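Heads up: the structure comes next, in structure tokens.
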Amino acid sequence: MTQLVDLRSDTVTKPTAAMRAAMAGAEVGDDVYSEDPTVVALEQRVAAMFGHEAALFAPSGSMANQIALQLVVPPAQELLCDANAHVVTYEFAAAAAIGGISSRTWPFAGGEIDVDLVASMIRPDGYWAVPTRAIAVEQTHNLGGGFVIGLDTLRGLRAAADAAGIALHCDGARIWHAHVATGVPFAEYGALFDTMSVCLSKGLGAPVGSLVVGSAEKIARARWIRKRMGGGMRQAGILAAAGLYALDNHVERLADDHRRAQRLALALAPYGVVDPERVHTNLVVLDLAKSAVDAPALAAAARERGVLMSVLGPRTGRLITHLDADDAAVDHATEVLTGILSA
Ligand SMILES: Cc1ncc(COP(=O)(O)O)c(C=O)c1O
């Protein structure tokens with residue numbers, strides 16, 4: 001098979017012909033003047049989905065997260081999150097550099113969260129210590145292999161945040177996957193958080209776009225923060241149309257990606273590199289600690305046979321199923337990877 005199977009990320013998808021047609025036909029206007037009807041429609045739709053008053057379209061998930069963090073944590077105050085959270089792993093200290101925000105982390109446990117531990121870390125005002133203003137969680141968790149945080153845990157964090165009078169933010173880049181995996185309605189997730197970021201370009205197949213979700217007052221401030229960060233876009237309805245198309249057509253199909261990831265995990269499990277029970281959605285993180293091949297060697301051998309995977313560390317690899325990888329593609333990847341691991 002010569003066709004390349006790219007399982008490095010669910011961000012590698014390309015817009016389908018139907019999505020491109022929706023983009024080409026989009027009604028547009030200048031969104032910095034709030035005059036792009038397609039952007040406004042997307043923002044209203046996403047806000048309503050999560051039961052919030054308003055939403056704001058942003059160019060990337062990182063910007064959406066950073067806008068939200070600036071909304072809930074003033075400069076020189078503190079955010080709590082896990083040590084492998086996207087906001088402290090992949091966003092290049094933006095919270096500190098742009099928002100003046102101090103971040104403190106709890107130990108990463110594969111996506112599981114010890115609510116009592118987090119609650120005990122919250123620092124109140126008034127002791128000349130940096131006061132905690134928000135807790136951030138990631139649903140689903142990227143480095144947690146697509147782990148879905150349970151509702152009880154989220155409710156526990158909400159109660160801890162309320163008791164301390166602080167905010168709860170959700171990096172919901174893949175909240176769609178959590179919804180499809182669990183059946184928990186979007187509005188039930190939305191009710192738990194003060195702010196959310198959600199991505200249209202991770203698994204849903206849109207080329208660009210994320211939204212910040214929150215109260216009308218917060219989103220009015222978010223519009224100002226986005227402009228200051230250079231994220232004000234003009235005829236962005238072309239992009240918002242892709243998002244609307246994705247919400248209509250590409251959410252429920254995520255179940256196919258989850259099924260394929262599970263099949264991949266079950267095939268790789270006999271090699272001791274993954275526990276299929278921890279594969280909740282479309283991510284498969286490989287623990288190669290005890291394998292004969294390390295992650296770069298596995299990725300290089302797979303690439304030679306037309307399969308691309310991510311190397312997250314010397315002994316950690318990652319595969320993600322998505323819209324552009326059908327059953328045949330994932331079966332081919334499975335065959336290649338099992339072939340290398342069994343050699
Ligand atoms: C959980 C999570 N949050 C945020 C982001 C950031 O998105 P972007 O690459 O659009 O900035 C990503 C990207 O993969 C992610 O996985």
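Numbering of ligands and ligand atoms starts at 1, following listing order. This is a predicted model, so every value here is computed, not measured. Only this structure's heavy atoms are used, side chains among them; waters, hydrogens and symmetry mates stay out.
By the criterion of a heavy-atom distance under 4.0 Å, neither the backbone nor the side chain of Thr11 is placed next to ligand 1. In Met63, neither the side chain nor the backbone holds a heavy atom less than 4.0 Å from any atom of ligand 1. With a 4.0 Å heavy-atom cut-off, ligand 1 is reached by the backbone of Ser62 and by its side chain too. The proximity of Lys202 to ligand 1, defined as any non-hydrogen pair under 4.0 Å, is limited to the side chain.
The structure places CG of Asp36 at 10.0 Å from CG of Leu42, a figure rounded to the nearest 0.5 Å.
Against a heavy-atom cut-off of under 4.0 Å, Ser60 is close to the following atoms of ligand 1: 10 (O), 11 (O).
For the residue pair Asn282/Arg174, the side-chain donor-acceptor check at 3.5 Å is not satisfied. For the 3.5 Å distance criterion, the side chains of Ser197 and Asn65 qualify, holding a donor opposite an acceptor.
Distances between N or O atoms of Thr140 and those of ligand 1 include no value under 3.5 Å. Considering backbone and side-chain atoms alike, Glu91 places every N or O at 3.5 Å or more from each N or O of ligand 1. Some N or O of Arg174 is nearer than 3.5 Å to an N or O of ligand 1, by distance alone. For a threshold of 3.5 Å applied to N or O pairs, the pair formed by Ala173 and ligand 1 contains no separation below that value.
Checked against the 6.0 Å centroid threshold, His52 and Phe193 do not count as a close aromatic pair.
For atom 1 (C) of ligand 1, the closest non-hydrogen atom on the protein side is Glu138 OE2, 3.3 Å. Scanning the protein for heavy atoms near atom 15 (C) of ligand 1, the closest one is His86 CD2, 3.2 Å.
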